[in-house]
S.K.: 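Pasting in a structure now, in structure tokens, and then I'll have a few things to ask.
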Amino acid sequence: MTVPESTYRVQLRPEFIFADAAGIAGYLRDLGIGALYASPVLDAAPGSTHGYDVVDPTRARPALGGEGARQELAALLKELGLGLVVDIVPNHMSVEVPKVNRWWWDVLEHGRNSEYAEFFDVDWERGPILLPVLGDDDAVAELSVEGDELVYYDHRFPIASGTGTGTPQEVHERQHYRLVGWRRGNAELTYRRFFDITTLAAVRVEDPKVFAETHGEVLRWVADGDVTGLRIDHPDGLADPGGYFRRLRENAPDAWIVAEKILHPGEPLPQSWPVDGTTGYDALREIAGVFIDPAGEPGFTALADELGVKTGYHRVEAEARRLVTDRILVAEVRRIAAQLRDVDPEQARQAVAETMIAFPVYRSYLPEGAAHWTAAIAGAREARPDLADALDALDAQVRAEPDGELATRIQQTSGMVVAKGTEDTTFYRYTRFAALNEVGGNPDRFGLGVEEFHRLAAEREAGHPAAMTTLTTHDTKRSEDTRARMAVLAEVPGEFAEAVRRWTARRGIDEPSLNLLAWQTLVSTWPIEPARLRDYLDKAAKEAKLRTSWTDHDEAFEADVAAWPEDVVKDGELASDVEAFVRRIEGPGYANSLGQKLVQLTAPGVPDVYQGTELWDFSLVDPDNRRPVDYAARRELLARITDGELPEIDASGAAKLLVVHKALRLRREHPALFRGYRPLRAEGPAAAHCLAYTRSPGLAVAVTRLPVGLEAGGGWRDTVLPLPPGVWTDVLTGREVTGDLAALFDRYPVALLVRGDV
């Protein structure tokens with residue numbers, strides 16, 4: 001099996017194509033990376049900036065350079081000794097521009113008689129396919145006929161043979177589809193989609209023929225040795241994730257396979273999945289959590305209460321999930337409820353909704369992991385005792401037929417409810433301490449203790465040593481360095497609360513949760529361009545769905561939010577106050593950044609470096625985290641480091657590049673050092689501020705945590721880290737060291753130690 005020592009994620013797009021990825025391959029090799037990890041490379045919707053909207057899985061995307069450029073990139077990577085990991089999207093395809101998706105176009109033209117009719121998850125029993133593309137239902141009068149196409153503005157749809165005579169409206173009524181107002185999508189859609197995105201139609205990869213057609217090209221690349229690893233997007237949307245992974249493994253027996261499976265705290269990866277692990281959100285939660293001070297929780301809870309931000313997490317989450325079942329995924333819930341036999345339709349709908357609202361994890365995988373299904377039913381019964389009979393019927397039918405359509409569809413959809421309700425709604429409403437609001441995170445759990453971190457790291461080494469680990473992805477709510485600086489706030493809750501009171505009185509946002517989120521975001525990304533912050537807050541406000549949303553706008557509120565970043569910057573006194581506060585937390589934030597990065601790069605798992613994050617990167621949620629990366633600057637700094645420079649910890653980020661480079665090179669050149677896991681425990685008055693462990697007997701890692709408290713307590717004083725016998729050298733500085741932590745950390749707040757002459 002081809003397991004990389006590390007990966008480097010690049011976001012391919014028309015502005016950064018295969019040739020551009022080839023252009024940085026040598027830099028990645030010099031940095032110490034083991035494999036280039038690419039966002040989806042199959043043909044995608046016109047102009048796509050991310051590639052998750054595939055329109056043709058049978059060819060490399062022409063907008064990235066096409067097949068020839070893909071082959072050139074693969075050949076170069078092989079020459080450099082680098083692997084290639086490709087992100088693939090089995091759950092859905094883009095149908096936004098019907099004509100560029102030949103399978104969907106054929107389905108619209110021929111209906112159930114299309115050779116691709118079974119490729120998409122269409123509810124054919126409900127009649128023609130509903131396409132919610134019109135401004136409203138009355139807009140059908142604006143249709144026109146051009147040749148063999150039905151046209152609505154720049155939208156084009158096929159006309160079935162023999163039906164193209166008469167007025168456009170008459171032609172429309174005779175097609176295998178109906179164009180309807182866009183607002184009808186959530187409630188009446190007749191095909192399964194990706195979350196609430198009607199332009200992404202679900203694909204039935206559980207069908208062997210569909211699997212073969214959608215995966216044949218990528219699997220050819222794997223067989224040719226061009227692709228060494230696969231990242232699987234959103235497996236929880238599939239009818240049978242376990243069956244999918246077994247079929248994939250059969251066809252790619254030597255590939256490194258990681259699944260974008262979001263695990264809740266304590267949830268194991270399904271044992272039957274033949275994958276190497278997850279894409280690392282569980283590791284992110286653990287690594288970031290150990291740098292957060294639990295002592296800050298009461299102060300942040302009090303501040304949130306004072307400002308009017310809701311602090312009952314589970315109540316906020318339940319409200320947000322109910323919003324999803326009752327308003328956003330209405331069509332999906334109704335389609336599931338229709339499968340429940342001998343139950344009143346409305347009772348069935350409510351029972352299905354309550355069960356998905358109560359899910360303790362994203363989904364169950366019956367008959368495996370039945371405890372999660374049991375917990376969901378129990379939670380629904382507790383919330384709605386009046387639905388006891390309907391819930392009993394639901395539970396009985398699902399358990400009796402775990403492979404039936406009811407069980408399959410409710411399990412497919414529960415993950416959508418959790419993701420939309422929790423990640424995309426609750427995380428923008430429950431803003432008590434936003435550093436915890438991360439994919440796979442638990443905002444109700446304030447930080448992670450050192451001993452628990454050790455236990456979880458040892459479990460990863462024992463169970464999934466080749467799982468991916470990450471701190472930043474294209475889906476994270478904020479980048480690792482933004483999160484690391486935000487974590488410092490947990491050490492100064494009183495100071496931050498006083499500052500927020502002053503700042504809010506001067507220029508607050510008239511929605512409590514967004515106001516608190518805005519101040520946390522501002523100090524964690526300062527200095528940030530007002531336009532970037534404006535776009536972020538606009539997205540946050542609409543995702544929260546409190547005062548405005550993507551579909552129902554409060555124009556006055558949105559205008560006030562849009563003006564806020566510029567108002568803060570232009571207010572000299574306010575801006576100076578913010579800047580002074582940032583100076584207070586900036587240094588400790590750098591220490592957190594270096595600490596969590598060294599842990600991620602050296603702890604069990606295969607570490608991924610998200611594009612550009614080898615330097616400081618204070619990004620926010622997408623699309624902010626897909627901004628262009630200045631590789632020329634990174635090459636220049638790397639050259640200075642390889643020449644022996646030991647950079648200062650400053651705004652350049654060179655110190656982080658030093659840590660990344662030294663750790664990655666050591667990992668690639670001496671992989672045997674990165675085996676096993678044993679805690680190392682410091683001794684002395686500041687012992688709680690050190691996180692340390694060994695991998696092999698010849699490798700030790702030590703980092704600083706909670707740096708503000710460390711300084712307030714008088715520093716390391718006579719705290720020591722008892723190292724195993726031998727001569728130890730810090731790879732970062734090149735000097736011999738002992739376990740005296742004051743001396744060990746006098747240059748950098750982290751240390752990467754090897755024993756002997758490695």
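Numbering starts at 1 and runs along the sequence shown.
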S.K.: Using distance alone, with no hydrogens and no angle criterion, decide if T279 and E260 have a side-chain donor and acceptor under 3.5 Å apart.
M.R.: no
S.K.: Under the criterion side chain to side chain contact (heavy atoms under 4.5 Å, CB included), I'd like the reasoning laid out for K656 against D481: C-alpha separation, chi angles, the key distance, then a yes or no.
M.R.: CA-CA 10 Å; K656 187 180 182 186; D481 298 316; 2.9 Å; yes
S.K.: Using 30° and 60° as the class boundaries, would you call the ring planes of Y430 and Y313 parallel, tilted or perpendicular?
M.R.: perpendicular
S.K.: Can you measure from CH2 (W273) to OG1 (T278) and round to the nearest 0.5 angstrom?
M.R.: 10.0 Å
S.K.: Hey, does R695 have a side-chain heavy atom less than 4.5 Å from the side chain of P604?
M.R.: yes
S.K.: Decide yes or no for V629 and R634: does some side-chain heavy atom of the first lie under 4.5 Å from some side-chain heavy atom of the second?
M.R.: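 The answer is yes; the side chains approach within 4.5 Å.
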S.K.: When rounded to the nearest 0.5 angstrom, what is the spacing between OG1 in T301 and CZ in F446?
M.R.: 7.0 Å
S.K.: Is D730 salt-bridged to R747, going by a charged N under 4.0 Å from an acidic O?
M.R.: no
S.K.: Main chain of A35, side chain of T7: is a donor-acceptor contact present, judged purely on distance under 3.5 Å?
M.R.: no
S.K.: What's the shortest heavy-atom distance between A540 and L514, and which atoms?
M.R.: CB-CD1, 3.9 Å
S.K.: Quick one: side-chain contact (heavy atoms from CB on, under 4.5 Å) partners of E579, sequence neighbours excluded?
M.R.: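 By the side-chain contact (heavy atoms from CB on, under 4.5 Å) rule, E579 matches W526, R583.
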S.K.: When you check the side-chain N and O atoms of D617 and S619, is any donor under 3.5 Å from an acceptor?
M.R.: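 Yes, S619 and D617 have a side-chain donor paired with an acceptor closer than 3.5 Å.
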S.K.: Should the ring pair Y693 and H454 be called parallel, tilted or perpendicular, given that the plane angle runs from 0 to 90° and is split at 30 and 60?
M.R.: perpendicular
S.K.: Got F427 and V439 here, is their nearest side-chain heavy-atom distance under 4.5 Å?
M.R.: no
S.K.: List in chain and number order the residues that pass side-chain hydrogen bond (donor to acceptor under 3.5 Å, both in side chains) with R584, two or more places apart in sequence or in another chain; answer none if no residue qualifies.
M.R.: E495
S.K.: Let me know which of I585, V523, N592, T525 forms a side-chain contact (heavy atoms from CB on, under 4.5 Å) with R485.
M.R.: I585
S.K.: Verify the neighbour count for atom CD of E711: are there more than 12 heavy atoms of other residues, nucleotides or ligands below 6.0 Å?
M.R.: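 Result for CD/E711: open.
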S.K.: Would you say R627 has more than 12 foreign heavy atoms packed within less than 6.0 Å of its CZ?
M.R.: yes
S.K.: Does a donor on one side chain sit under 3.5 Å from an acceptor on the other, for D87 and S39?
M.R.: no
S.K.: To the nearest 0.5 Å, tell me how far K261 NZ sits from L269 CG.
M.R.: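 So the gap between those two atoms works out to 8.5 Å.
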S.K.: Suppose we screen for ring pair (Phe, Tyr, Trp, His ring centres under 6.0 Å). Which residues come up paired with Y362, at least two apart in sequence or across chains?
M.R.: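 Per chain and number, Y362 pairs via ring pair (Phe, Tyr, Trp, His ring centres under 6.0 Å) with H264.
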S.K.: If we only count heavy atoms from C-beta on, is the F745 to T719 side-chain gap below 4.5 Å?
M.R.: no
S.K.: Step through the shown structure and confirm whether more than 12 heavy atoms of other residues, nucleotides or ligands are within 6.0 Å of CD on E645.
M.R.: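 Correct, the count exceeds 12.
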S.K.: Taking atom types as modelled, is there a side-chain donor on N515 or T504 under 3.5 Å from an acceptor on the other?
M.R.: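 Yes - a donor-acceptor pair under 3.5 Å links their side chains.
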S.K.: Is atom CZ of R678 surrounded by more than 12 heavy atoms (other residues, nucleotides or ligands) closer than 6.0 Å?
M.R.: no
S.K.: Report yes or no: does T613 contribute a side-chain atom to a donor-acceptor pair with the main-chain N or O of V609 at less than 3.5 Å?
M.R.: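 Checked: no pair found.
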S.K.: Does P647 offer a backbone N or O that forms a donor-acceptor pair with the side chain of R640 under 3.5 Å?
M.R.: no
S.K.: Is there a donor-acceptor pair under 3.5 Å between the side chain of E480 and the backbone N or O of K597?
M.R.: no
S.K.: Has the side chain of E438 got a donor or acceptor atom that lies under 3.5 Å from a matching backbone atom of L436?
M.R.: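 Answer holds: no.
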S.K.: Side chain of R315, backbone of T311: donor and acceptor closer than 3.5 Å?
M.R.: no
S.K.: Flag the pair K310 and E317 as a salt bridge only when some basic side-chain nitrogen lies within less than 4.0 angstrom of an acidic carboxylate oxygen.
M.R.: no
S.K.: State the CG-CG distance between L537 and L620, to the nearest 0.5 angstrom.
M.R.: 8.5 Å
S.K.: Give the intermediate values and the outcome of side chain to side chain contact (heavy atoms under 4.5 Å, CB included) for residues T469 and D608.
M.R.: CA-CA 6 Å; T469 67; D608 175 58; over 6 Å; no
S.K.: Which atom pair, heavy atoms only, marks the closest approach of A686 to L710?
M.R.: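 So the two residues come closest at CB-CD1, 3.8 Å.
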S.K.: Answer yes or no: is there a side-chain heavy-atom contact under 4.5 Å between V660 and L601?
M.R.: yes
S.K.: Restricting to side-chain hydrogen bond (donor to acceptor under 3.5 Å, both in side chains), what partner residues turn up for Y37, sequence neighbours left out?
M.R.: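 So Y37 forms a side-chain hydrogen bond (donor to acceptor under 3.5 Å, both in side chains) with R9, R231.
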S.K.: Kindly indicate whether the side chain of V582, heavy atoms from C-beta on, has any atom under 4.5 Å from the side chain of V578.
M.R.: yes
S.K.: Parallel, tilted or perpendicular: which describes the rings of W616 and Y590, with under 30° parallel and over 60° perpendicular?
M.R.: parallel
S.K.: Could you check whether any side-chain heavy atom of Y748 comes within less than 4.5 Å of a side-chain heavy atom of V659, counting everything from C-beta outward?
M.R.: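 Not touching, per the 4.5 Å side-chain cut-off.
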S.K.: Could you measure the distance from the CD atom of E614 to the CG atom of L28? Nearest 0.5 Å is fine.
M.R.: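 These two atoms lie 8.0 Å from each other.
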S.K.: Using atom types as modelled and distance alone, determine if a side-chain donor or acceptor of R532 lies under 3.5 Å from a backbone N or O of D624.
M.R.: no
S.K.: Specify the closest pair of heavy atoms between F433 and A490, including all atoms of both residues, with the distance to one decimal.
M.R.: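 Nearest pair, atom of F433 first, then A490: CZ-CB, 3.8 Å.
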S.K.: Restricting to pairs with a member in residues 462-478, which pass salt bridge (charged side-chain N to carboxylate O under 4.0 Å, His left out), not counting sequence neighbours?
M.R.: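 Every pair satisfying salt bridge (charged side-chain N to carboxylate O under 4.0 Å, His left out) with a residue in residues 462-478: D424-K477.
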S.K.: Tell me the salt bridge (charged side-chain N to carboxylate O under 4.0 Å, His left out) pairs involving residues 291-306, sequence neighbours left out?
M.R.: E297-R432, E306-R501
S.K.: For the residue pair Y610 / S479, report whether a side-chain donor-acceptor contact shorter than 3.5 Å exists.
M.R.: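 No, Y610 and S479 have no side-chain donor paired with an acceptor closer than 3.5 Å.
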S.K.: Step by step, would you call W256 with T228 a side chain to side chain contact (heavy atoms under 4.5 Å, CB included)?
M.R.: CA-CA 6 Å; W256 180 60; T228 56; over 6 Å; no
S.K.: Is it true that R455 and E452 make a salt bridge, defined as a side-chain N closer than 4.0 Å to a carboxylate O?
M.R.: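 Salt bridge: yes.
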S.K.: Atom OG in S6, atom CG in L82: separation rounded to 0.5 Å?
M.R.: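 Result: 9.0 Å between the selected atoms.
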S.K.: Looking at T729 and V731, would you say the former's side chain and the latter's main chain have a donor-acceptor pair under 3.5 Å?
M.R.: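 Absent.
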S.K.: Step by step, work out the side chain to side chain contact (heavy atoms under 4.5 Å, CB included) result for D30 and T642.
M.R.: CA-CA 9 Å; D30 293 342; T642 55; over 6 Å; no
S.K.: Regarding S652 and D650, is there a side-chain donor-to-acceptor distance under 3.5 Å anywhere?
M.R.: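 Distance-only check passes for S652 and D650.
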S.K.: Per the side chain to side chain donor-acceptor pair (under 3.5 Å) rule, which among T473, T476, T470 passes with Y281?
M.R.: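 When T473, T476, T470 are each tested with Y281, the side chain to side chain donor-acceptor pair (under 3.5 Å) holds only for T473.
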S.K.: Is there a side-chain contact between L657 and L638 (heavy atoms, below 4.5 Å)?
M.R.: yes
S.K.: How far apart are the closest heavy atoms of P685 and D718, and which atoms are they?
M.R.: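 It is CD-OD1, 3.1 Å.
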S.K.: Can you see which heavy atom on D282 is nearest to which on L263, and at what distance?
M.R.: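 Smallest interatomic distance, heavy atoms only, reads OD2-CD1, 3.9 Å.
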S.K.: Any idea how Y27 and Y8 line up, ring-wise: parallel (<30°), tilted (30 to 60°), or perpendicular (>60°)?
M.R.: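 Perpendicular: the ring planes of Y27 and Y8 meet at over 60°.
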